**Student:** 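Structure incoming, see below.
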Number of protein chains: 2
Amino acid sequence: MDVRTLCLGILTFGDATGYEIKKAFEDRLGLLYDASFGSIYPALNKLTEQGLISCREESQDHRPDKKVYSVTQEGQLEFIKHLQRKPKADKYRSDTLATMMFAHLLSPGKVATLLDNYIETCEENIATLSEGCDMKSSLSEKFLCGFGIAVKTASINYIRENRHLIEAESLLADSAAE
Amino acid sequence: MDVRTLCLGILTFGDATGYEIKKAFEDRLGLLYDASFGSIYPALNKLTEQGLISCREESQDHRPDKKVYSVTQEGQLEFIKHLQRKPKADKYRSDTLATMMFAHLLSPGKVATLLDNYIETCEENIATLSEGCDMKSSLSEKFLCGFGIAVKTASINYIRENRHLIEAESLLADSAAE
DNA sequence: CTGTGCATGTAAATCGTTACATGATTGC
DNA sequence: GCAATCATGTAACGATTTACATGCACAG
């Protein structure tokens with residue numbers, strides 16, 4: 001799903017400014033998708049052009065003016081139509097795991113450190129998600145949060161139980177290099 | 001990791017043509033990364049320009065000529081240097097899961113179908129990975145394969161146990177719409 | 001007085017896919 | 001005869017990030 005579509009979707013939860021949409025990306029979809037201002041603002045302009053959202057300007061005291069966006073009927077319909085499409089396959093990108101494919105080029109110490117750091121990051125993710133999970137209002141947010149926790153927990157367990165495989169590969173290459 | 005770097009890495013396993021590198025992406029990294037010819041061939045040309053790989057042309061009987069690439073010493077060093085860098089955070093992109101965030105706009109039937117299909121896809125992934133896992137020669141490949149299986153298995157279990165959350169959200173919105 | 005939060009935007013650069021272009025061989 | 005596999009490449013297009021540009025308010 002591209003930023004444009006996701007912005008439209010986020011606005012179905014209620015009116016918001018570009019700035020708030022950025023936060024919604026972090027809060028609601030942080031696990032899956034993110035977007036920078038450089039993609040959000042142009043996306044909002046395009047959606048407005050297309051009549052899928054509307055915009056009203058509000059001036060504030062002690063704050064910069066803001067543009068509050070709302071979904072139009074066409075926008076809501078367009079988004080629902082988009083949701084009917086066959087979802088694309090998941091994609092899991094991991095620099096660390098990719099690096100592990102080249103364990104034959106790394107020292108056993110480096111491999112161990114990478115795996116330790118990876119586990120640590122997963123644990124931090126779980127902590128953040130657990131914290132957030134209770135605060136979330138909607139069931140779907142709890143669902144996604146829990147999904148993240150489940151996947152990260154499984155990742156940690158797998159690595160703890162199988163890191164010897166990758167560490168062996170590195171050792172092997174290391175001794176061969178002598 | 002970008003395609004250029006990954007091509008360099010794949011070549012550390014042995015010489016290969018662009019075509020074979022494409023297959024290596026599928027075989028070794030299919031779970032994590034993929035690349036099209038449109039990115040591989042230009043990457044190989046650039047790496048050659050930079051002197052990180054070298055190229056020899058081989059003509060074949062009954063087959064088109066091919067260009068076989070090898071990593072140079074500089075290339076190997078450059079790649080190892082790249083591996084030392086702090087790996088970027090993992091990113092899990094899922095259209096299906098993102099769609100679930102908008103369950104309030106979907107019929108309960110649609111949500112159920114999406115989840116069923118998602119589980120089915122995960123099961124297919126697991127089957128493919130299990131099959132492949134035995135055939136893999138290197139320990140690191142087995143490790144990655146196993147990782148995929150572990151994550152997908154955890155995903156399925158989580159969804160089976162928690163799909164009621166998301167299905168409730170959809171039902172709620174559905175009844176409110178009446 | 002410095003960083004953080006609020007608030008919006010543009011332009012350049014990066015990275016990648018898709019589609020096109022070409023062409024032989026092998027298996028069904 | 002048609003699809004698949006082998007084999008290489010370019011060009012158009014799309015999406016997104018990064019860096020830049022601006023500016024006020026509040027807390028430590």
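Since we're looking at a predicted model, the values are computed, not measured. Proteins come first, then strands; the chains are lettered A, B, ... in the order of their sequence lines, and each starts at number 1. For the numbers below, each heavy atom of this structure counts, side chains included, while hydrogens, waters and symmetry mates do not.
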**Student:** Scan side-chain atoms only and decide if T128(A) and E131(A) contain a donor-acceptor pair under the 3.5 Å cut-off.
**Tutor:** no
**Student:** Rounding to an integer number of Å, can you tell me how far I21(A) CD1 sits from dT8(C) C1'?
**Tutor:** 12 Å
**Student:** Where the side chain of E20(B) is concerned, which of dT10(C), dT10(D), dA7(D) is the nearest nucleotide?
**Tutor:** dA7(D)
**Student:** Atom CD of E58(A) and atom P of dT8(C): how far apart are they, to the nearest Å?
**Tutor:** 11 Å
**Student:** Considering only heavy atoms from C-beta outward, does the side chain of I40(B) approach that of F25(B) to under 4.5 Å?
**Tutor:** yes
**Student:** Which one, dT10(C), dC6(D), dT8(C), comes nearest to the side chain of T17(A)?
**Tutor:** dT8(C)
**Student:** Return whichever of K23(A) or L44(A) has its heavy-atom-nearest nucleotide of DNA chain C closer to the 5' end.
**Tutor:** K23(A)
**Student:** Below 4.0 angstrom from OP1 or OP2 of dG9(D), is there any side-chain N or O of K67(B)?
**Tutor:** yes
**Student:** Once rounded to the nearest 0.5 Å, what's the spacing between atom OG1 of T5(A) and atom CZ of F79(A)?
**Tutor:** 7.5 Å
**Student:** For the side chain of S36(A), counting heavy atoms from C-beta on, which of dT18(D), dT8(D), dT10(D) is nearest?
**Tutor:** dT18(D)
**Student:** Take atom OH of Y41(A) and atom P of dT22(D), then tell me their distance rounded to the nearest Å.
**Tutor:** 17 Å
**Student:** Is the distance from OP1 or OP2 of dT17(D) to the nearest side-chain N or O of S39(A) less than 4.0 Å?
**Tutor:** yes
**Student:** Do L171(A) and V111(A) land in one hydrophobic cluster if side-chain heavy atoms of ILVMFWY residues count as linked below 4.5 Å?
**Tutor:** no
**Student:** Of the non-hydrogen atoms in L47(B) and L8(B), which two are nearest, and what is the gap between them?
**Tutor:** CD1-N, 4.1 Å
**Student:** Counting heavy atoms from C-beta on, name the nucleotide in dT8(C), dG9(D), dC6(D) closest to the side chain of Y19(A).
**Tutor:** dT8(C)
**Student:** Quick one: which of dT8(D), dA15(D), dT17(C) gets closest to the side chain of D2(A)?
**Tutor:** dA15(D)
**Student:** Please state how far atom CZ in R56(A) lies from atom C1' in dT8(C), giving the value in whole angstrom units.
**Tutor:** 17 Å
**Student:** Between K66(B) (NZ) and dT22(C) (C1'), how many Å, whole number?
**Tutor:** 19 Å
**Student:** Map Y69(B) and R93(B) onto DNA chain D by nearest heavy atom, then report which one ends up closer to the 5' terminus.
**Tutor:** Y69(B)
**Student:** Atom CG of D65(A) and atom C1' of dA25(D): how far apart are they, to the nearest Å?
**Tutor:** 15 Å
**Student:** Identify which nucleotide among dT8(C), dT10(D), dA7(D) has an atom closest to any side-chain atom of N45(B), counting heavy atoms from C-beta outward.
**Tutor:** dT10(D)
**Student:** Just the rounded figure in Å: distance from C1' of dT16(D) to CG of L32(A).
**Tutor:** 17 Å
**Student:** Within less than 4.0 Å of OP1 or OP2 of dA7(C), is there a side-chain N or O belonging to Q60(A)?
**Tutor:** yes
**Student:** Quickly work out the L29(B) CG to dG16(C) C1' distance and round it to whole Å.
**Tutor:** 16 Å
**Student:** If you look at every strand shown and take non-hydrogen atoms under 4.0 Å, does G18(B) touch a base, only sugar-phosphate, or nothing?
**Tutor:** sugar-phosphate
**Student:** Using atom types as modelled and distance alone, determine if a side-chain donor or acceptor of Y69(A) lies under 3.5 Å from a backbone N or O of C7(A).
**Tutor:** no
**Student:** Return the nearest nucleotide to the side chain of D34(A); candidates are dT17(D), dA7(D), dA7(C).
**Tutor:** dT17(D)
